[in-house]
Amino acid sequence: MSKHDHGFATRSIHAGQEFDPTTGAIIPPIYQTSTFVQDGVGGLRGGYEYSRSANPTRTALETQLAALEGAKHGFSFASGLAAEDALIRTALRPGDHIVIGNDVYGGTYRLINRVHGAWGIEHTVVDLGDLAAVEAAIIPGRTKLLWVETPSNPLMKISDIAALAALAHRHEVLSVVDNTFASPALQQPLSLGADIVVHSTTKYLGGHSDVLGGAIIMNDDELAEQLGFVQFAAGAVSAPLDAWLTTRGIKTLAVRMRQHSANAQAIAEFLDGHAAVERVYYPGLESHPGHELAARQMSGFGGMLSLALVGGPAAATRLVEKTKLFALAESLGGVESLIGLPAQMTHASVKGTELAVPENVVRLSVGIEDVADLIADLDRALAKVLKASAKH
Ligand SMILES: *Cc1c(COP(=O)(O)O)cnc(C)c1O
């Protein structure tokens, strides 16, 4: 039975999840072990030797991750940035070059700029909506990766994965898509021509704000072998319990993403035109510049949205401190709603760079609570914002 023949929700639940042959336990156990007993030197049972090289709980998650993106190879890491680090050190050498979008996750930029930069890897930041600029940024023979993130964080810009992947291929550059915001339930970059998918599984895949993790997913056998070597040799692997929690979260990904999207759409429509709100950034709104492209390359608009406040940074700060259900916290993608001020929080590391975010922008990670309660929470907090601005 090939898991790839099934639909997305079925694959999310069954890929890598064979029941335990010794007890019949429907859920594969958490193999909380560092090492494996050998039947004589080199006599491995099922190929397992030491948990840095492989652990059955991680194997189960990696099989599931590959199936989610319809791919051959999945690799799981201790965090999204650990996954990105392993990929970059696999695909590049000192003197090589990366082209990255001007609104990638701040931590990705920091990793490439400050960690890999110190080891001689160079980068150029471009607007991924400008294909001519992307092409011009590619240095023949030196550019190895084109790093795409769509929808972007926090301004929800939509980039054309198929067009960018085709452009990268023409120049023998690998295209990478950070698919964290959409999740594979809503967007399948490999089927649009991308070479590699990256996830912070900390977000929608885990889905319950209780575990960190990252993933790299691809079809290329040779690159997969090289990445597998770096994963083993450098060792930033996910621990068994973390892998198990992520697997558990993934099983409900399809239904969660439907509800995240429905709630975010209703909230975007509520905020659009509100007296305290200057602008709403949500691809599900027809007024969003990426709406048509998003409708084409995604099967839902997701649970992330941002808004700019009429009252500037002070109003933005007030809003994030006044909501009750929306908790003030970094991160995203959990069942509970979060609110944040990117310029001071998630994007503090890119302050003063070309990736800086306007200071009156508030980001929402819309959870799957009752949407009427979420709207009432925002309505009350926005009324306080308006009242405070009227006093000044
Ligand atoms: C959170 C995040 C990352 C980094 O993942 P960690 O699990 O925090 O290391 C990368 N990309 C995006 C889009 C993210 O939201």
Side-chain angles (χ1 to χ4, degrees), residues 61 65 69 74-89 98 100-116 125 128 145-159 161 176-187 189 194 196-217 231 234 236-239 242-243 245-246 249-250 253 257 260 264 281 283 298 302-306 329-334 338-342 345-350 355 357 361 363-367:
L61 171 59
L65 288 167
E69 298 280 0
F75 297 90
S76 155
F77 293 86
S79 72
L81 287 176
E84 296 182 12
D85 176 50
L87 173 64
I88 291 166
R89 286 192 289 147
I98 310 183
I100 57 177
N102 62 2
D103 48 5
V104 299
Y105 176 70
T108 300
Y109 176 74
R110 182 177 54 204
L111 174 70
I112 292 170
N113 183 36
R114 293 183 51 191
V115 178
H116 298 132
V125 175
L128 295 175
L145 292 182
L146 169 60
W147 198 281
V148 176
E149 192 178 316
T150 177
S152 76
N153 179 10
L155 298 182
M156 307 302 294
K157 227 177 67 192
I158 307 296
S159 301
I161 295 173
V176 182
V177 176
D178 183 335
N179 203 22
T180 299
F181 265 41
S183 92
L186 304 183
Q187 179 168 275
I196 301 160
V197 168
V198 170
H199 281 287
S200 168
T201 61
T202 310
K203 315 296 168 51
Y204 286 108
L205 299 194
H208 296 74
S209 309
D210 53 10
V211 60
L212 289 177
I216 305 289
I217 301 159
Q231 184 194 40
V237 295
S238 23
D242 291 1
L245 284 167
T246 306
I250 286 171
L253 181 65
M257 292 316 294
H260 282 297
Y281 302 86
M298 301 172 75
M304 296 302 298
L305 72 84
S306 293
E330 303 215 353
S331 199
L332 61 111
L338 301 181
I339 191 164
L341 195 59
M345 297 169 64
T346 50
H347 288 62
S349 67
V350 293
L355 279 80
V357 175
V361 166
R363 190 185 79 178
L364 304 181
S365 172
V366 178

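One-based numbering, in listed order, for ligands and for the atoms of each. Side chains included, hydrogens not; waters and symmetry mates left out as well; all remaining heavy atoms used. Only a predicted model underlies this, so the values are computations on that prediction, with no experimental measurement involved.
Of all atoms in ligand 1, numbered sequentially from 1 with element shown, those under 4.0 Å from a heavy atom of Thr202 are 7 (O).
At a 3.5 angstrom cut-off on N or O pairs, Asn153 does not count as close to ligand 1. Inclusion of Ser200 in the set of residues having an N or O under 3.5 Å from an N or O of ligand 1 is warranted. The shortest N or O to N or O distance between Glu149 and ligand 1 is not below 3.5 Å.
At a 4.0 Å cut-off, not a single heavy atom of His199 sits close enough to ligand 1 to count as contact. Under a 4.0 Å heavy-atom criterion, Leu332 is in contact with ligand 1. Residue Gly213 places a heavy atom under 4.0 Å from ligand 1.
Given atom 11 (N) of ligand 1, the protein heavy atom at minimum distance is Asp178 OD2, 2.7 Å. The shortest contact between atom 4 (C) of ligand 1 and any protein heavy atom is with Tyr105 CE2, 3.4 Å. Among protein heavy atoms, the minimum distance from atom 6 (P) of ligand 1 is reached at Gly80 N, 3.3 Å.
At least one donor-acceptor pair closer than 3.5 Å links the side chain of Gln231 to the backbone N or O of Ser76. For the pair Gln187 (side chain) and Thr150 (backbone), a donor-acceptor distance under 3.5 Å is present.
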